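The structure under discussion appears below in the form of structure tokens.
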Amino acid sequence: MSSRSVVRIAFVVFVALMVQSAVLVGVRVGVVHPDLLWLLPITAALIGGPEAGALVGFWSGLAFDLVLPTPFGLSALVGCVLGHTVGSVTAAVDQRATWLKPVVALVGSVAADMLFAVLGAILGQQQMVQVDFLDVFGVVGVSSLILVFPVNRLMRWALTAESARRSLVSAQPTDGALW
Amino acid sequence: MAKSRRSRRTLTVIVLVVVSLSIISFDLNGRTHSLTSGVKSVANSVYSPLRQGVVDILSPIGNFFAGAVHYGSVQSENAKLRATIGELRARAAEKGFESGQLRQLMALENLPFLQSLPTVTAQTQDENASNFTQTISIDKGRSDGVDVGMPVVGSGGLIGQVIQSFHHTAVVRLITDGESKVGVTFGQGANALVDGQGPGNDLTADLVPPHTPLHKGEVMYTSGLQAASFPMGIPVAAVQTFHTSPGASQVSITVSPQADLSRVAYVDVVLWAPAP
């Protein structure tokens, strides 16, 4: 992966972190707010495959962990597993399918939140399973359906930094070739 | 070729998972926690002003759009007038907000339950950064004397406890968080444990034996018993409902916080550390 891609991905993660903490945290339905974090590995996996998803999930999770009160490293672990899983599961699916991004964003975000809460509880943070999961899944899932499109655009811009000079953006996963 | 790619991919994921687990264990281990805490402290020193800058930039834009949406049905030739009205309303709302903040600050100036305990007044920066915890971030940290374990109060009573302290900021766990437990006393010296039940849920008061005299609205105060996490006498919650099921070993009590946790623009950190 070129240094240009690394810089662009870091920029996208930074923008996502700022939007999350300065804007989305204030957009509440009840006591729940949308969560942008999981969309980063999901879109990276859809564009770049499982390895890209895992790497972006790990680093973006780690960046979010720096400002979250939950155990340090937990978001990185979930992001990494999420990115790899999404990349592997969707490898055989036609990436041009219009339903793919919203469906994967919805299912992936909900699954990631569930894994995040359960792992947190296993690590001793019992309060993480004392939330109203239906509310959390509803708000995070529906908001992910909408937010996946701008995030996907940003991630495509970041991940295709080197190949963009040679050709148009590939719609197919590159099976880790960018890395 | 494909097999080699696959195995490299698997190796990458295994390495990342192992690194993540190592970081988590470093964070949860008492001896190495200072390492991750230090990293978070440095990151917060950079992140907090940046975030505040973004908020300062976005707030006026948000106000503008809010005004535009509110007056969306008015004809386009009234745009200038509409903007003026919106601006005036924004100013009025801002004044109302400011006077609300002033009231909160004034209330903090005279908290009877703190007696002679020194406090540091802090402004709330951020609420519930995660959907899975009930926390607030405040703009005072170690450089102001704020440390982990210190109680945080607002007008009305106890708000929570500092769980992370960075150089210029700190994170406070609210008493409604599922992890929060506060030892309280009420009535004729009865004791209980006020237990947070997560966002949107009433708190409960546990360990109260059947037939303990109770009434609705009874206020529970921090007990300050030996090795307690809070000094004694801070109002915590008031009884909402109570009943004893047949054969139960304790009364089921729901309580509501005395402090208004929905509006915590300013809080007082009590410079009191629990006994080690």
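Quick note on labels: first sequence line is chain A, next is B, and so on, each numbered from 1. The model shown is predicted, which means the values in this text are computed figures rather than measured ones.
Judged by distance alone, the side chain of B/Arg9 and the main-chain N or O of A/Pro50 form no donor-acceptor pair under 3.5 Å. Panel note: side chain B/Asn131, backbone A/Val136; no donor-acceptor pair is recorded below 3.5 Å.
Atoms CZ and CZ, on A/Phe133 and B/Phe132 in that order, are 6.0 Å from each other to the nearest 0.5 Å. Taken from CE in A/Met128 to CG in B/Asp177, the straight-line distance is 10.5 Å, to the nearest 0.5 Å. Note: B/Ser25 OG to A/Phe72 CZ = 12.0 Å, rounded to the nearest 0.5 Å.
With a 4.5 Å cut-off on non-hydrogen atoms, A/Asp65 touches chain B through its backbone but not through its side chain. Only the side chain of A/Phe58 comes within contact range of chain B, with at least one heavy atom under 4.5 Å from a heavy atom of that chain. Neither the backbone nor the side chain of A/Leu24 comes within contact range of chain B; no heavy atom of the residue lies under 4.5 Å from a heavy atom of that chain. Residue B/Gln164 touches chain A through its side chain alone, counting heavy-atom pairs closer than 4.5 Å. Neither the backbone nor the side chain of A/Val19 has a heavy atom closer than 4.5 Å to any heavy atom of chain B. Using a 4.5 Å cut-off between heavy atoms, A/Val78 makes no contact with chain B at all. Looking at B/Ala43, the atoms closer than 4.5 Å to chain A (heavy atoms on both sides) all sit in the side chain, from C-beta outward. Only the side chain of A/Val81 comes within contact range of chain B, with at least one heavy atom under 4.5 Å from a heavy atom of that chain. Heavy atoms of B/Ile24 lying under 4.5 Å from chain A belong to its backbone as well as its side chain. Both the backbone and the side chain of B/Glu127 come within contact range of chain A, judged by heavy atoms closer than 4.5 Å. Heavy atoms closer than 4.5 Å to chain B are found nowhere in A/Phe64, neither backbone nor side chain. Proximity to chain A involves both the backbone and the side chain of B/Ser130, based on heavy atoms less than 4.5 angstrom apart.
A/Phe11 CZ: 12 or fewer foreign heavy atoms inside a 6.0 Å radius. Within 6.0 Å of atom CZ in A/Arg153, 12 or fewer heavy atoms from other residues, nucleotides or ligands are found, so the atom counts as exposed in its surroundings. In this structure, B/Phe26 places its CZ atom where only 12 or fewer heavy-atom neighbours from other residues, nucleotides or ligands lie under 6.0 Å away.
Heavy-atom pairs under 4.5 Å with chain A peak, among B/Thr36, B/Val42, B/Ile163, B/Val171, at B/Thr36. When B/Thr10, B/Ile23, B/Thr169 are compared by the number of non-hydrogen pairs under 4.5 Å with chain A, B/Ile23 comes out ahead.
Among the candidates B/Val19, B/Thr12, B/Leu16, B/Val15, the single residue satisfying the side chain to side chain contact (heavy atoms under 4.5 Å, CB included) test with A/Cys80 is B/Leu16.
For the residue pair A/Leu68 and B/Lys40, the shortest heavy atom distance occurs at O-NZ, 3.0 Å. Here the closest non-hydrogen pair linking A/Pro69 and B/Ala129 is CD-CB, 4.4 Å. The two residues A/Ala22 and B/Val55 make their nearest non-hydrogen contact at CB-CG2, 3.7 Å. Residues B/Pro199 and A/Gln130 approach most closely at CD-O, 4.3 Å, considering heavy atoms.
Residues of residues 32-44 of chain A placed with any heavy atom under 4.5 Å of a heavy atom in chain B are listed by number as A/Val32, A/His33.
Contact annotation: the side chain of A/Gln127 never approaches that of B/Gln134 to less than 4.5 Å [non-hydrogen atoms, C-beta and beyond]. Side-chain contact check for B/Asp126 versus A/Val67: every heavy-atom pair is 4.5 Å or farther apart. Within the 4.5 Å cutoff, the side chain of B/Asn44 has no heavy atoms near those of the A/Leu66 side chain.
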